[in-house]
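Single-structure report; data block below.
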There are 2 protein chains.
Amino acid sequence: MIAPLARALMAAEMPVLEAHEVSMWGYAVLSRLRDEPARTQAALAQSIGADKTRIIGVLDDLQEQGLIEREPDPADRRVRLVSLTDQGRRTQSAVQAAIQAREERLLSQLPAADRRGFLRALEFLSSLPPDEISG
Amino acid sequence: MIAPLARALMAAEMPVLEAHEVSMWGYAVLSRLRDEPARTQAALAQSIGADKTRIIGVLDDLQEQGLIEREPDPADRRVRLVSLTDQGRRTQSAVQAAIQAREERLLSQLPAADRRGFLRALEFLSSLPPDEISG
DNA sequence: TATTGTTATACTCTATAACTATA
DNA sequence: TATAGTTATAGAGTATAACAATA
């Protein structure tokens with residue numbers, strides 16, 4: 001049940017993301033950077049469940065759109081310090097608000113108790129390490 | 001939260017499926033056929049969220065393994081009637097039991113109320129048509 | 001002409017391995 | 001030599017289009 005639902009939810013988010021001209025991974029990066037800046041790109045990638053090679057194009061796009069900044073770390077010139085621009089922060093907020101509005105519309109159809117249990121179970125299961133799920 | 005969780009759950013099912021030498025789509029087909037035989041392959045594909053072109057290789061494998069039978073419909077020789085063999089039925093039951101045992105182990109860590117709400121919400125959301133989710 | 005199953009092709013996403021620049 | 005970022009290549013999964021058989 002979960003896999004098709006995940007596909008449907010991602011498909012439902014697409015129009016919102018396209019309206020703000022960001023990809024799904026792009027939005028994941030923006031959301032991750034909103035909470036705290038990333039030490040390295042590799043750490044940033046891992047924290048959103050991606051590969052360091054996979055987010056490079058994403059970062060290129062975000063930078064070209066002026067949503068993030070990448071500057072060499074003076075302390076270690078190998079690493080690039082990635083941070084949100086003001087516009088990036090605004091875009092992230094706008095997309096998040098739009099997506100949460102859709103979620104609210106969807107979840108409001110559930111009985112309050114089911115909704116609470118659903119979200120709590122989801123948070124618990126998401127917090128488990130992979131080997132706890134696979135056994 | 002849902003998409004990574006779905007990925008983790010699918011990864012956790014892999015060893016079980018490999019132990020019975022069926023693919024994920026193969027298991028989806030077996031489970032679908034257990035409930036009722038399929039009128040056409042296209043309908044079978046659609047009912048498990050796949051494409052008619054995508055399940056052909058799956059059906060080939062299942063047939064070669066002796067888990068399903070495909071025979072031309074005498075009434076309309078264009079269509080192939082797909083049905084489970086006894087062995088296919090046994091394999092489906094065994095895989096389902098193994099997967100449900102894992103699910104049980106996972107869900108048993110949840111408070112009973114959250115667990116009920118989680119499953120009820122999941123069933124409701126899964127029953128929604130796609131356009132109800134996207135808006 | 002339309003439909004079922006099939007095959008062939010192209011496209012997207014992802015993973016792996018090599019390369020550069022710094023350390 | 002080891003690491004951060006990058007690029008290039010190959011692979012899996014998927015979607016689209018063309019094809020043969022039957023209606």
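Here the structure is a predicted model, which is why all the values come from computation and not from measurement. These numbers come from the heavy atoms of this one structure, side chains and all, not from hydrogens, waters or symmetry mates.
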Rounded off to whole Å, could you give me the [atom1]-to-[atom2] distance for the [X] and [N] pair?
X     : N      : atom1 : atom2 : result
A:D51 : D:dA8  : CG    : P     : 17 Å
B:E71 : C:dT4  : CD    : C1'   : 16 Å
B:Q46 : C:dT3  : CD    : C1'   : 15 Å
B:R77 : C:dA2  : CZ    : C1'   : 18 Å
A:D61 : D:dT6  : CG    : P     : 13 Å
B:R54 : C:dC11 : CZ    : P     : 18 Å
B:M10 : C:dC13 : CE    : P     : 16 Å
A:I55 : D:dG5  : CD1   : P     : 8 Å

Could you tell me which non-hydrogen atom of [X] sits nearest to which non-hydrogen atom of [Y], and how far apart they are?
X     : Y     : answer
A:S31 : A:Q92 : OG-NE2, 3.0 Å
A:A3  : B:A6  : CA-CB, 4.0 Å
A:R7  : B:G49 : NH2-O, 4.4 Å

> More than 12 non-hydrogen atoms from neighbouring residues, nucleotides or ligands closer than 6.0 Å to CD on B:E104, yes or no?
Replying inline: yes
> Would you say B:R39 has more than 12 foreign heavy atoms packed within less than 6.0 Å of its CZ?
Replying inline: no
>> Please compare A:R7 and A:L81 by the position of their nearest nucleotide in DNA chain D and report the one closer to 5'.
In response: A:L81
> Does B:D73 or B:A50 map to a spot on DNA chain D nearer the 5' end, using the closest nucleotide for each?
Replying inline: B:A50
> Counting side-chain heavy atoms from CB outward, which of D:dT7, C:dT6, C:dT22 is closest to A:I56?
Replying inline: D:dT7
> So, is B:W25 close to the D:dT14 phosphate, meaning a side-chain N or O under 4.0 Å from OP1 or OP2?
Replying inline: yes
> Is any side-chain nitrogen or oxygen of A:R70 closer than 4.0 Å to OP1 or OP2 of D:dT6?
Replying inline: yes
> How long is the gap from CG on B:L84 to CG on B:L67, to the nearest 0.5 Å?
Replying inline: 8.5 Å
> Which residues satisfy the salt bridge (charged side-chain N to carboxylate O under 4.0 Å, His left out) test with A:D114, sequence neighbours excluded?
Replying inline: B:R120
Enumerate all atom pairs, one protein N or O and one N or O from nucleotides 2-4 of chain D, separated by less than 3.5 Å.
from  : atom 1 : to    : atom 2 : distance (Å)
D:dT3 : O2     : A:R78 : NH1    : 2.9

